[in-house]
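Down below is the structure, laid out as structure tokens.
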There are 2 protein chains.
Amino acid sequence: MDAKGKFGQYVAGKGLRHTVQREQIVDIFLATEKHLTIQELYDLVRKKYKSIGYATVSRAVKLMTESGICRRVDFGDGSQRFEHKFGHEHHDHLICVRCGKFVEIYSKRLEKLQEQLVTKHGYVQLYHKMDIFGLCPKCSKKVRGR
Amino acid sequence: MDAKGKFGQYVAGKGLRHTVQREQIVDIFLATEKHLTIQELYDLVRKKYKSIGYATVSRAVKLMTESGICRRVDFGDGSQRFEHKFGHEHHDHLICVRCGKFVEIYSKRLEKLQEQLVTKHGYVQLYHKMDIFGLCPKCSKKVRGR
DNA sequence: TATACTATTGATAATGAATATCAATACCAA
DNA sequence: TTGGTATTGATATTCATTATCAATAGTATA
Ligand SMILES: [Mn+2]
Ligand SMILES: [Mn+2]
Ligand SMILES: [Zn+2]
Ligand SMILES: [Zn+2]
């Protein structure tokens with residue numbers, strides 16, 4: 001099943017309704033491979049569907065998150081962002097502080113080390129987030145002058 | 001030089017003034033080994049010094065952060081927290097989602113792997129943050145029933 | 001010491017994102 | 001149909017953070 005199907009299943013399973021607004025919001029979200037704030041998603045949605053309210057977008061994002069097709073990411077810039085979760089394996093982020101360009105990173109070795117650290121302290125890991133901030137190739141060239 | 005000295009040096013270097021309020025706030029902050037929100041620090045400060053304003057605490061935290069004796073941490077709970085930086089090597093966090101108990105973790109091997117990942121993508125690392133959320137020994141026992 | 005200048009303070013206002021409220025409307029099952 | 005509930009969009013509220021501002025305190029200079 002695809003992301004949309006998973007969302008539909010979740011909504012139905014909760015006894016909620018399948019509405020055009022939700023469908024439109026989910027479509028726009030799934031068509032955008034970015035880390036969006038609610039405001040940004042709202043703006044995108046409004047480009048196509050003029051009458052949808054901000055609150056409806058906000059509520060749809062909440063539902064998408066609960067359904068597992070959406071994940072909240074927090075880069076510490078003061079607003080929460082959301083990205084696709086379904087079909088995207090767990091990953092962490094490498095973000096350019098200058099232009100915002102990011103790479104989704106993953107290392108099995110690194111994940112294993114994390115798990116070992118957790119175990120060493122007697123904890124049980126539920127989830128983690130790792131964000132690395134730096135300069136992308138282009139920006140590091142510019143900053144260093146050439 | 002200690003943390004307080006570093007703060008004083010930074011303040012002086014910027015042509016700013018050494019005030020009693022700043023001294024009081026810095027003292028309280030340095031005496032508390034926690035990850036504090038501004039509100040929490042404000043409450044602590046007010047216990048001893050009744051007349052200090054919230055804005056003054058907020059501004060002092062900003063100064064402490066700039067001076068390098070304080071670091072902002074963000075656990076995604078909606079408000080920013082601050083911890084000692086001076087004399088605390090770089091570390092990441094392992095946090096219990098149930099009771100909030102945390103451990104400051106560090107692994108040279110893990111840091112090296114992070115650096116390798118960054119280099120592989122042509123980025124230059126400036127800083128990173130890694131927060132692992134889970135259950136502490138006590139809480140994992142409780143949750144599993146024994 | 002008097003004076004002018006600037007930094008600082010504390011109260012309060014403004015901001016901005018997230019969330020709650022609410023009346024109107026849409027949907028569903030009987 | 002009809003009654004009950006979910007949903008919507010507009011708006012209000014909340015909450016943390018940041019900005020504003022008049023009053024005050026500190027500093028340098030004469
Ligand atoms: Mn991502
Ligand atoms: Mn810490
Ligand atoms: Zn860049
Ligand atoms: Zn715990």
Side-chain angles (χ1 to χ4, degrees), chain A residues 7-29 35-67 70-83, chain B residues 7-29 35-67 70-83:
Chain A
F7 177 77
Q9 188 171 290
Y10 176 79
V11 168
K14 282 211 104 182
L16 304 177
R17 290 173 190 160
H18 181 262
T19 69
V20 285
Q21 289 92 337
R22 280 179 187 158
E23 170 129 14
Q24 290 166 346
I25 295 165
V26 170
D27 282 346
I28 299 285
F29 176 72
H35 300 121
L36 297 168
T37 62
I38 291 180
Q39 179 66 53
E40 286 163 357
L41 179 56
Y42 171 71
D43 292 340
L44 281 178
V45 168
R46 287 292 284 244
K47 274 191 194 169
K48 250 191 149 175
Y49 310 105
K50 311 287 184 192
S51 65
I52 287 186
Y54 186 97
T56 304
V57 174
S58 172
R59 287 181 289 231
V61 168
K62 196 178 176 190
L63 275 180
M64 287 195 286
T65 305
E66 289 168 14
S67 78
C70 178
R71 179 170 87 120
R72 214 183 96 178
V73 291
D74 183 350
F75 294 154
D77 64 344
S79 57
Q80 42 192 19
R81 294 176 173 278
F82 297 88
E83 66 173 356
Chain B
F7 178 78
Q9 188 172 291
Y10 176 80
V11 168
K14 282 211 103 182
L16 304 177
R17 289 171 192 162
H18 181 262
T19 68
V20 286
Q21 289 92 335
R22 280 177 187 160
E23 170 129 17
Q24 291 165 346
I25 294 165
V26 171
D27 283 345
I28 299 285
F29 176 71
H35 300 122
L36 296 169
T37 62
I38 290 180
Q39 180 66 54
E40 286 163 357
L41 179 56
Y42 171 73
D43 292 341
L44 281 177
V45 168
R46 286 290 286 245
K47 274 191 194 168
K48 251 190 145 174
Y49 310 105
K50 312 285 183 192
S51 66
I52 286 185
Y54 186 97
T56 304
V57 174
S58 172
R59 286 183 289 234
V61 168
K62 195 177 177 190
L63 274 180
M64 288 194 287
T65 305
E66 289 168 13
S67 78
C70 178
R71 179 170 89 120
R72 214 184 95 181
V73 290
D74 183 350
F75 294 154
D77 65 344
S79 58
Q80 42 193 18
R81 296 177 172 278
F82 297 87
E83 66 173 357

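Residue numbers start from 1 in every chain, and the chains themselves are labelled A, B, ... in the order their sequence lines are given, proteins ahead of strands. None of the values given here were measured: they were computed from a predicted structure.
Between B:Arg22 atom CZ and C:dA7 atom C1' there is a gap of 8 Å when expressed in whole angstrom units. Rounded to whole angstrom, the span from the OH atom of B:Tyr42 across to the C1' atom of D:dT18 amounts to 16 Å. Counting to the nearest Å, the C1' atom of C:dT9 and the NZ atom of B:Lys62 are 16 Å from each other. Atom-to-atom, CD of A:Glu23 to P of D:dA6 comes out at 21 Å; the value is rounded to the nearest Å. Following rounding to the nearest Å, A:Arg72 (CZ) and C:dT19 (P) show an atom-to-atom distance of 8 Å. The interatomic distance linking B:Gln80 (CD) with D:dC15 (P) rounds to 17 Å, in whole Å.
Interface remark: the B:Arg17 side chain does form a donor-acceptor pair with the C:dT6 base, using a distance-only criterion of under 3.5 Å.
In the displayed structure, A:Glu66 atom CD is contacted under 6.0 Å by more than 12 heavy atoms of other residues, nucleotides or ligands. Within 6.0 Å of the CD atom in A:Gln39, the count of heavy atoms belonging to other residues, nucleotides or ligands exceeds 12.
Contact of the B:Lys62 side chain with the B:Thr65 side chain is not registered, since no non-hydrogen atoms from C-beta on lie closer than 4.5 Å.
Note on B:Ser51: only backbone sugar-phosphate atoms sit closer than 4.0 angstrom, heavy atoms only; bases stay farther off. At a threshold of 4.0 angstrom between heavy atoms, the contacts of A:Gln39 with the nucleic acid are absent.
For B:Ala55 and B:Gly15, each mapped to the nucleotide of DNA chain C holding its nearest heavy atom, the one lying further toward the 5' end belongs to B:Gly15. DNA chain D is contacted by both B:Arg81 and A:Val20; A:Val20 maps to the nucleotide lying nearer its 5′ end (nearest heavy atom per residue). When the nearest nucleotides of DNA chain D are assigned to B:Thr19 and B:Ser58 by heavy-atom distance, the more 5′-ward of the two goes with B:Ser58.
Each of B:Leu44, B:Ile38, B:Thr37 was scored for a side chain to side chain contact (heavy atoms under 4.5 Å, CB included) with B:Glu40, with one residue passing: B:Thr37.
Close to C:dT9, at under 4.0 Å from its OP1 or OP2, lies no side-chain N or O of B:Thr56. Contact annotation: A:Tyr54 side-chain N/O to C:dA18 OP1/OP2 distance is under 4.0 Å.
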